[in-house]
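In what follows, a single structure is set out as structure tokens and then discussed.
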2 protein chains.
Amino acid sequence: MAERRYGQYCGVTRAVELVGERWALLIVRDLLVGPRRYTDLKRGLPRIPTNILSSRLKELQEGGVVRRVPLLSCGLVYELTPYGRALEPILLALGRWGFQTMGEPQEGDVVTSDSLTMALRTAFRPERAVDADYELHVGDVALRVVVRSGDLRVSRASPEAGPEADAVIVADTGVRRLIGGDVTPAEALARDLLTVVRGDERFLGAFAATFHIDPVTATDTPQGSPGHGSPGPCDPAT
Amino acid sequence: MAERRYGQYCGVTRAVELVGERWALLIVRDLLVGPRRYTDLKRGLPRIPTNILSSRLKELQEGGVVRRVPLLSCGLVYELTPYGRALEPILLALGRWGFQTMGEPQEGDVVTSDSLTMALRTAFRPERAVDADYELHVGDVALRVVVRSGDLRVSRASPEAGPEADAVIVADTGVRRLIGGDVTPAEALARDLLTVVRGDERFLGAFAATFHIDPVTATDTPQGSPGHGSPGPCDPAT
DNA sequence: CCGGATCCGAATCGATACTG
DNA sequence: CAGTATCGATTCGGATCCGG
């Protein structure tokens with residue numbers, strides 16, 4: 001099980017050797033939410049084969065990204081090492097980047113608690129954040145989302161204790177267009193992309209201000225430096 | 001050739017579906033330096049099978065990451081779309097992350113012009129940059145590295161025109177320890193990790209100030225939020 | 001239930017050869 | 001220069017099984 005190498009002495013190469021294998025970054029994504037048991041990971045990644053999960057965890061441990069922590073008489077959990085946690089800004093940026101071309105969900109796609117939590121983190125704008133307390137339902141995931149003084153805290157919504165949040169938003173995948181700015185809160189309500197089942201509908205404005213991802217933001221360097229130009233002095237056609 | 005899906009409706013998932021396949025991010029890395037021909041990419045990725053390069057380029061085009069641009073009577077090049085270029089900060093961060101655990105080169109590892117260029121970009125500190133003009137040799141790659149008023153420009157060193165740069169640094173892979181801060185410029189010279197074949201050796205101090213990657217920088221959130229805690233109220237052992 | 005290990009067919013990857 | 005074709009080696013996916 002020697003790790004598959006690319007044969008280059010380079011930081012990017014080393015990085016993709018550590019976390020570039022199939023499923024690895026999704027495991028890291030879930031572990032960024034918190035330590036997880038083997039079974040939690042399996043539930044959060046419904047289509048991962050168990051032998052692959054097992055291999056990845058082993059490789060991530062060898063790479064110093066993940067640590068295996070036994071709990072006193074309670075089984076064990078996997079958690080990120082400090083080195084693994086340093087991937088957080090990278091995964092948030094990757095999530096923002098991928099968000100922009102997500103389109104509509106494909107048949108069979110699921111939304112998991114951890115992926116939705118990370119999605120909210122990627123979209124969170126501390127500088128525009130409006131204090132509020134939401135309960136957000138997407139698919140069959142229900143999260144409690146508390147925004148307070150520029151800080152975001154996401155946890156699972158407790159099923160029994162009902163009337164706690166300021167607003168309960170039910171938004172099966174339509175929340176993407178709100179966060180992406182494709183629709184205004186009013187439009188989203190009018191087109192029934194989501195509903196506010198309890199609390200003032202105006203909390204939707206606060207939500208849209210707090211969670212937002214704008215389209216692209218490419219660095220507009222004029223595409224590469226000259227001097228590397230193997231292409232030479234030819235103009236692009238069209 | 002249907003893209004291999006993970007079955008999750010999530011930004012990170014979408015991102016790894018677009019650029020997570022083997023070799024894809026290394027292709028993007030090279031294209032971040034500038035538009036490249038098929039053959040350039042092949043030379044820059046010596047161990048990529050040509051059919052894989054072909055497949056990846058096709059997939060990256062379908063994903064809107066790469067564009068195929070015919071040159072007037074001069075063949076064609078691949079270049080990043082604006083969406084693809086938006087990966088630049090992510091690849092730079094990944095490069096910094098991987099850099100920290102690169103260790104010594106393995107047998108057969110190569111350093112390519114594009115990978116070294118990107119490595120310099122990942123390590124570049126505009127705020128500490130000292131204006132200078134280097135010629136940097138690593139392996140059989142020779143780059144011209146010009147730092148001027150907080151700006152970095154890297155190009156291939158022209159083999160014939162010799163005496164141009166302020167200093168010529170020859171540093172087969174030892175430059176990693178200098179950039180990583182493992183050694184001071186003086187130590188690097190004393191231990192013969194690199195040599196300054198022309199120009200004042202003090203340019204090495206400028207170089208080390210300008211190009212630097214420090215160890216880790218993990219966000220020190222106390223490891224995940226409570227409320228997600230399936231692990232429950234058990235203390236970690238040890 | 002938890003934490004995997006094992007087995008096997010299907011898909012992908014790697015290496016080389018070949019072509020317009 | 002810019003790929004396609006072929007084929008064996010690996011890896012992945014899906015299912016089952018097993019010890020605590």
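In what follows, every chain begins at residue 1, and chains take the letters A, B, ... in the order their sequences are listed.
Considering only side-chain atoms of A:Leu76, the nucleotide from C:dC2, C:dG4, D:dA2 that sits closest is C:dG4. Comparing D:dC12, D:dG3, D:dG13 by their nearest atom to the side chain of A:Glu21 picks out D:dC12.
For the OP1/OP2 pair of C:dG3 and a distance below 4.0 Å, the side-chain nitrogens and oxygens of A:Lys58 include no atom meeting the criterion. Within the structure, every side-chain polar atom (N or O) of B:Ser54 is placed at least 4.0 Å from both OP1 and OP2 of D:dG3. Contact check, A:Trp23 against D:dC12: no side-chain N or O comes under 4.0 Å of OP1 or OP2. Checking the phosphate oxygens (OP1, OP2) of C:dG4, a side-chain nitrogen or oxygen of A:Tyr78 falls inside 4.0 Å. Contact annotation: A:Arg37 reaches the phosphate of C:dG3 (side-chain N/O to OP1 or OP2, under 4.0 Å). Between A:Lys42 and the phosphate of C:dC1, there is no side-chain N or O to OP1/OP2 separation shorter than 4.0 Å. Distances shown here put every side-chain N or O of B:Ser55 at or beyond 4.0 Å from the OP1 or OP2 atom of C:dT12.
Rounded to an integer number of Å, the gap from CZ of A:Arg47 to C1' of D:dG13 is 10 Å. For B:Ile52 and D:dA2, the CD1 to P distance is 19 Å, given to the nearest whole Å. If you take CZ of B:Arg4 and C1' of C:dA10, they are 10 Å apart, rounded to a whole angstrom. The CD atom of A:Glu17 sits 14 Å away from the P atom of D:dT11 (whole-angstrom rounding). Whole-Å rounding puts the A:Arg36 CZ to C:dC2 C1' distance at 16 Å. At whole-Å resolution of the value, CD1 in B:Ile48 and C1' in C:dG14 are 11 Å apart. For the pair B:Arg43 CZ and D:dC1 C1', the interatomic distance rounds to 12 Å; values are reported in whole Å. Rounded to whole Å, the distance from CG on B:Leu53 to C1' on C:dA15 is 15 Å.
Residues B:Arg67 and B:Glu79 are paired through a salt bridge, judged by an N-O separation under 4.0 Å between the basic side chain and the carboxylate. A salt bridge does not link A:Arg198 to A:Glu135: none of the charged side-chain nitrogens sits closer than 4.0 Å to a carboxylate oxygen. Salt bridge absent: B:Arg85 and B:Glu88 never bring a charged side-chain N and a carboxylate O closer than 4.0 Å.
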Provide a list of protein-nucleic acid N or O atom pairs under 3.5 angstrom, restricted to nucleotides 5-7 of chain D.
residue	atom	partner	partner atom	Å
D:dT6	O4	B:Asn51	ND2	3.3

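Ring-plane geometry between B:Trp97 and A:Tyr83 is classed as parallel, the angle between the planes falling under 30 degrees on a 0 to 90 degree scale with a further cut at 60.
Between B:Leu60 and B:Leu18, the shortest heavy-atom contact is CD2-O, 3.7 Å.
No cation-pi contact links A:Arg43 to A:Tyr38, judged by a cut-off of 6.0 Å to the six-membered ring centre and 45° from its axis.
Between the side chains of A:Tyr9 and A:Arg14, not a single donor N or O lies within less than 3.5 Å of an accepting N or O.
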